[in-house]
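Quick notes on the structure that follows.
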Protein chains: 2
Amino acid sequence: MNIPSNTIDRLCKIFGQLDILGKKSIEFVSSKDLAIAIGTTEYTVRKDISLIGVTGFTRKGYEVVSLKEQLGEKLNLKTQRKACIVGLGRLGTALLDYEKFKQDGFDIVAGFDSSINKIERIHTSIDVFSVAELENVVSQCNIELGIIAVPSEHAQDIADKLVRAGVKGILNFSPVEINVNENIIYSRIDLTNALRSIAARF
Amino acid sequence: MNIPSNTIDRLCKIFGQLDILGKKSIEFVSSKDLAIAIGTTEYTVRKDISLIGVTGFTRKGYEVVSLKEQLGEKLNLKTQRKACIVGLGRLGTALLDYEKFKQDGFDIVAGFDSSINKIERIHTSIDVFSVAELENVVSQCNIELGIIAVPSEHAQDIADKLVRAGVKGILNFSPVEINVNENIIYSRIDLTNALRSIAARF
DNA sequence: AGTTATAAGTGAAAAAAATCACTAAAATCA
DNA sequence: TGATTTTAGTGATTTTTTTCACTTATAACT
Ligand SMILES: NC(=O)c1ccc[n+]([C@@H]2O[C@H](COP(=O)([O-])OP(=O)(O)OC[C@H]3O[C@@H](n4cnc5c(N)ncnc54)[C@H](O)[C@@H]3O)[C@@H](O)[C@H]2O)c1
Ligand SMILES: NC(=O)c1ccc[n+]([C@@H]2O[C@H](COP(=O)([O-])OP(=O)(O)OC[C@H]3O[C@@H](n4cnc5c(N)ncnc54)[C@H](O)[C@@H]3O)[C@@H](O)[C@H]2O)c1
């Protein structure tokens, strides 16, 4: 049985919340509390969790550790995944240095930029390369995820390079949609649009 | 008649695309091309546009300028809106200096941080203040939108301050959900979760 | 031990969203 | 001019998603 798309997204959020609860040594959590934490309803949480076949305990809720474990299994979130960032400008460098990604299972192992100048000046513990080396480095290191933070006019070109190098997924921060082969998992975060979506509801 | 939530989000994307097309002096655009640009189907685009009562032209598509104009009207996107950023760390400063926000109608007029040190060292054309001044500045300047880029443990506190100061909307980049009065338009972008949502589909 | 309250599980219903199938209009082409 | 093609408009249908209503289990309390 295949899991609906919205459910996958919510389960990912639940996974994140379980991680937080686990660190606080909280043993059980109710569908209600999960609902509040991820911004949905208790019904939806229960439906979502039932969909992956996990059951909770009456009057106690779901066991945090075990639910997280099983979600990790079903959602492919158990193994650390290698990622890279292309475009080391303001946004790219902010992302590059964000340690939490690693704690959460995403290991940023490389950064790329077209400006040699920038590459030389950046100081970070992560290896940075010229974009000319992208295909080599990405395929050599088995990087699975590419994060695009280049100006929009170069986004498509970078996406093509990433795909040729063998990434499985792409997250695009540039404000244009790009085309990728349909076996690549692709998603875009458009911050201007996020602001517009808020303003449109004023 | 009230517009469905998904439709609002898509119309915002369409608005952004129309802006791009307008700058290229493209006069007409088909539902098909809009669909490709925003990642949906032509049926959905037509339904969405029909919902706001705009009509296109057979065999030509929609008139770019006029559709954008009418969307701007319906979606409240015609007036420049003032925004501020709280938390001038890596992410906050990246956002602070992103000129495109202004071009797109979001005028970042202030930045706030709790570290006096940071405030003094930052060099940007935008006014930066101590977070102690937040409520004063935000209400004085009639800032409508607050962008939260502080560590998660302070997110709720900052949200409360923003609400007290009178913002209408909040965009939260911290990885925890916060509670705001339901008349505040609230949305959260969780980058870790965005990566998880991709990995879960591998 | 019995009662009560809490919380999951779940089929059914409702609501929302997307898609389809068809119509109509108009530009283009032969 | 007439045929063809393209594209919007739209009611109907289908699919998806969410919510509801009710059942069941069990922890906690008296
Ligand atoms: N800064 C923000 O807050 C922000 C917000 C929303 C969206 N974005 C988007 O994110 C992207 C990056 O934004 P930014 O503000 O960091 O821009 P920036 O100009 O600061 O950085 C862009 C970087 O990309 C590099 N680059 C250019 N072409 C390249 C190529 N072909 N290959 C590799 N690197 C290349 C540049 O050298 C530069 O370092 C843009 O698409 C922007 O629209 C940024
Ligand atoms: N950097 C990233 O790429 C990234 C990615 C995803 C999410 N985030 C989230 O965005 C937020 C900011 O991340 P960052 O990497 O920029 O962190 P950062 O530590 O670089 O910056 C945080 C800033 O907030 C300021 N601050 C702390 N408490 C404050 C308060 N009460 N009021 C005002 N300012 C305060 C600090 O002085 C600092 O300048 C965090 O919640 C983080 O989890 C960041």
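For clarity, every value in this text was computed on a predicted model and none was experimentally measured.
For residues 80-94 of chain A, the side chain to side chain donor-acceptor pair (under 3.5 Å) pairs, not counting sequence neighbours, are A/N76-A/R81, A/R81-A/E144, A/R90-B/E99.
B/D113 and B/S115 are not linked by any side-chain donor-acceptor pair at a separation below 3.5 angstrom, with hydrogens and angles left out of the test. A donor-acceptor pair shorter than 3.5 Å can be found between the side chains of B/E177 and B/Y186.
Residue A/L34 contributes atom CG, which lies 12 Å from atom P of C/dA7 at whole-angstrom precision. Distance, A/I3 CD1 to D/dT16 C1': 15 Å, rounded to whole Å. Spacing between atom CD of A/E42 and atom C1' of D/dC22 amounts to 14 Å, rounded to whole angstrom units. Atom CD1 in B/I8 sits about 14 Å away from atom C1' in C/dA17, given to the nearest Å. Rounded to an integer number of Å, the gap from A/D9 CG to D/dT16 C1' is 15 Å. A/F28 has its CZ atom 14 Å from the C1' atom of D/dA25, to the nearest Å. The CD1 atom of A/I36 sits 11 Å away from the P atom of C/dA7 (whole-angstrom rounding). Remark: P of D/dT18 and CG of A/L51 are 11 Å apart, rounded to the nearest angstrom.
Classification of A/R10 and A/D48 as a salt-bridged pair holds, one side-chain N sitting under 4.0 Å from a carboxylate O. The pair B/K13-A/D190 does not count as a salt bridge, with every side-chain nitrogen at least 4.0 angstrom from each carboxylate oxygen. A salt bridge links B/R201 with A/D9; the closest basic N to acidic carboxylate O contact falls under 4.0 Å. By the 4.0 Å N-to-carboxylate-O rule, B/E69 lies close enough to B/K78 to be salt-bridged with it. A salt bridge between A/D160 and A/R164 is absent, with no side-chain N of the basic residue lying under 4.0 Å from a carboxylate O of the acidic one.
Across residues 177-190 of chain A, not one residue has a non-hydrogen atom less than 4.0 Å from an atom of DNA chain D.
Contact annotation: A/S31 side-chain N/O to C/dA8 OP1/OP2 distance is under 4.0 Å.
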Grab the N/O contacts between the protein and nucleotides 18-28 of chain C below 3.5 Å, and write none if there aren't any.
from: C/dA18; atom 1: OP1; to: B/R10; atom 2: NH1; distance (Å): 3.2
from: C/dA18; atom 1: OP2; to: B/R10; atom 2: NH1; distance (Å): 2.8
from: C/dA18; atom 1: OP2; to: B/R10; atom 2: NH2; distance (Å): 2.8
from: C/dT19; atom 1: OP2; to: B/T41; atom 2: OG1; distance (Å): 3.0
from: C/dT19; atom 1: OP2; to: B/T44; atom 2: OG1; distance (Å): 3.4
from: C/dT19; atom 1: O4; to: B/K47; atom 2: NZ; distance (Å): 2.8
from: C/dC20; atom 1: OP2; to: B/Y43; atom 2: OH; distance (Å): 3.4
from: C/dA27; atom 1: N3; to: B/R59; atom 2: NH1; distance (Å): 3.1

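In a base pair of the Watson-Crick type (N1 to N3 plus N6-O4 or O6-N4) or a G-U wobble (N1-O2 and O6-N3), with each distance short of 3.5 Å, C/dG11 is matched with D/dC20.
Counting heavy atoms of neighbouring residues, nucleotides and ligands inside a 6.0 Å radius, atom CD of B/E153 exceeds 12 of them.
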